[in-house]
Amino acid sequence: MATVFELVFPWATPHADRIAADAFDVIDRLESQLTVYRDTSEVSRLNRIAHQAPVPVENNLFELLQLCQHLSQQTGGAFDITSGPLIKAWGFYRRQGRVPSDAELAAAMACVGMDKVVLDEPRTSVRFTHPGVEINLGSIGKGYALDRVGAYLRDKYQIENVLLHGGTSSVLAIGDRAWPVGVRHPNGSERLGTLVLRDRAMASSGATFQHFESEGRKFGHLLDPRTGQPATGVALAVALAPTAAEADALATAFFVMGIEETRTYCEQHPDVAVLVLSGHSSTTPWLFNDMGHFTTDN
């Protein structure tokens, strides 16, 4: 998943090295299923043929797609896994950013939208209603992997407390132990504060590292599926949610939605806590539904 995964066990956890090795094997298997960078993955197969006929998929993948559909509806389309054509149009698929032509952008937008993905629950099958539709799980995959590993550690090894993260941007704390996690400013020069995770998940989204410049403008890799344009106005979005998959998806959505839409979402979802740093503010974040998770350094 183009990142580093780590597990942090309490001191003296028996057989921690063997347990961790098994956990990383779970992540490897998920990578093989979910990635769009391998032609042999189940998701790549979907993208090739699901516009021709319904394609049965593995049960857990089907449930993940159902979650994606639900979150897309909840966020008004700010989170949308059908953004694959947009990612390619802007050159972020191969990390070779470019500004697409109006025609390229229009063609990509014609293939975007969860309304073009039909999920048949009795058959656990997926069908695309439009040729060219492609799903990309990059905005939820790391969090989903952490959830699956967490469930694996609980079920097989009865692990009661552990902290897992993928690239430090997706974090899952299992158990009643309190884990302090630092939150850095997207420019990397300072720390905004500390959040405390206890049986919760956290994810952050920013366009600090994946971006390109063209004609004096900076274009980030986080795209608004509703407009086809790179999202602007937010420097960092940090979401806390019951599961890592939800936190991952919502951090992306809140980055796209901006402060006012995020505020409205949080008023309707008290189980989600959010920190948003405006692109026009250097150090002062907005906090919604904080519930004591965040301690700012300012």
Side chains of [X] and [Y]: does their closest heavy-atom pair fall under 4.5 Å?
X      : Y      : value
Val196 : Trp179 : no
Gln33  : Leu30  : yes
Phe62  : Asn60  : no
Val171 : Leu197 : yes
Val234 : Ser278 : no
Phe92  : Leu86  : no
Arg127 : His51  : no
Leu236 : Val276 : no

Spacing of [X] atom [atom1] and [Y] atom [atom2] [to the nearest 0.5 Å]:
X      : Y      : atom1 : atom2 : answer
Leu64  : Glu58  : CG    : CD    : 9.5 Å
Phe255 : Leu277 : CZ    : CG    : 10.0 Å
His221 : Ile87  : NE2   : CD1   : 8.5 Å
Tyr144 : Ser139 : OH    : OG    : 14.5 Å
Glu63  : Glu121 : CD    : CD    : 8.5 Å
Thr168 : Met202 : OG1   : CE    : 7.0 Å

Are any side-chain N or O atoms of [X] and backbone N or O atoms of [Y], one a donor and one an acceptor, separated by less than 3.5 Å?
X      : Y      : answer
Asp224 : Ala78  : no
Asp147 : Ala245 : yes
Thr262 : Gly258 : yes
Asp80  : Ser72  : no
Asp199 : Asp176 : no
Glu6   : Leu164 : no
Ser204 : Ala237 : no

Under 3.5 Å, which donor-acceptor pairs link side chains of residues 12-29 to any protein atom two or more places apart or in another chain?
unit_1, atom_1, unit_2, atom_2, d
Thr13, OG1, Pro10, O, 2.7
Asp22, OD2, Tyr157, OH, 2.2

Can you hop from [X] to [Y] via hydrophobic side chains spaced under 4.5 Å?
X      : Y      : value
Met1   : Tyr37  : yes
Val256 : Ile81  : no
Ile49  : Val117 : yes

For the residue pair [Y] / [X], report whether a side-chain donor-acceptor contact shorter than 3.5 Å exists.
X      : Y      : value
His70  : Gln66  : no
Thr82  : Lys116 : no
Thr243 : Glu246 : yes
Ser170 : Asp248 : yes
Tyr152 : Arg148 : no

Residue pairs passing the ring pair (Phe, Tyr, Trp, His ring centres under 6.0 Å) test where at least one lies in residues 96-137, sequence neighbours excluded: none

Strictly by ring pair (Phe, Tyr, Trp, His ring centres under 6.0 Å), give each pair with a member in residues 71-90 just once, sequence neighbours left out. Trp90-Phe219

Do NZ/NE/NH1/NH2 and the carboxylate oxygens of Glu104 and Lys88 come within less than 4.0 Å? no

Give the minimum heavy-atom separation between [X] and [Y], together with the two atoms involved.
X      : Y      : value
Ala251 : Ala239 : N-CB, 3.8 Å
Ile140 : Ala249 : CD1-CB, 4.1 Å
Gly143 : Ala244 : O-CB, 3.2 Å
Pro285 : Leu275 : CB-CG, 3.6 Å
Leu46  : Val55  : CD2-CB, 3.7 Å
Ala89  : Pro100 : O-CB, 3.5 Å

Of Leu240, Ile174, Leu172, the residue whose pairing with Arg200 passes side-chain contact (heavy atoms from CB on, under 4.5 Å):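 Testing Arg200 for a side-chain contact (heavy atoms from CB on, under 4.5 Å) against Leu240, Ile174, Leu172 leaves exactly one candidate, Leu240.
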
As a quick check of understanding, evaluate side-chain contact (heavy atoms from CB on, under 4.5 Å) for Val238 and Val274, giving each step before the final call. CA-CA 6 Å; Val238 179; Val274 185; over 6 Å; no

Please report the C-alpha distance between Cys111 and Glu134 in whole Å, then the side-chain angles of each, then the deciding distance to 0.1 Å, and finally whether the side-chain contact (heavy atoms from CB on, under 4.5 Å) criterion is met. CA-CA 8 Å; Cys111 301; Glu134 292 184 16; over 6 Å; no

Out of Tyr265, Phe288, Trp286, which one pairs with Phe254 under the ring-ring contact (aromatic ring centres under 6.0 Å, His included) rule? Tyr265

Val126 vs Leu65, test: side-chain contact (heavy atoms from CB on, under 4.5 Å). Steps then yes/no. CA-CA 9 Å; Val126 182; Leu65 296 178; 3.6 Å; yes

Counting only heavy atoms from other residues, nucleotides and ligands, does the tally under 6.0 Å from CZ of Arg45 exceed 12? no

Apply side chain to side chain donor-acceptor pair (under 3.5 Å) to Ser44 and Arg38, showing your working. CA-CA 7 Å; Ser44 291; Arg38 298 181 192 173; over 6 Å; no

What do the steps show when you test Thr194 against Val183 for side-chain contact (heavy atoms from CB on, under 4.5 Å), and what is the final call? CA-CA 6 Å; Thr194 302; Val183 179; over 6 Å; no

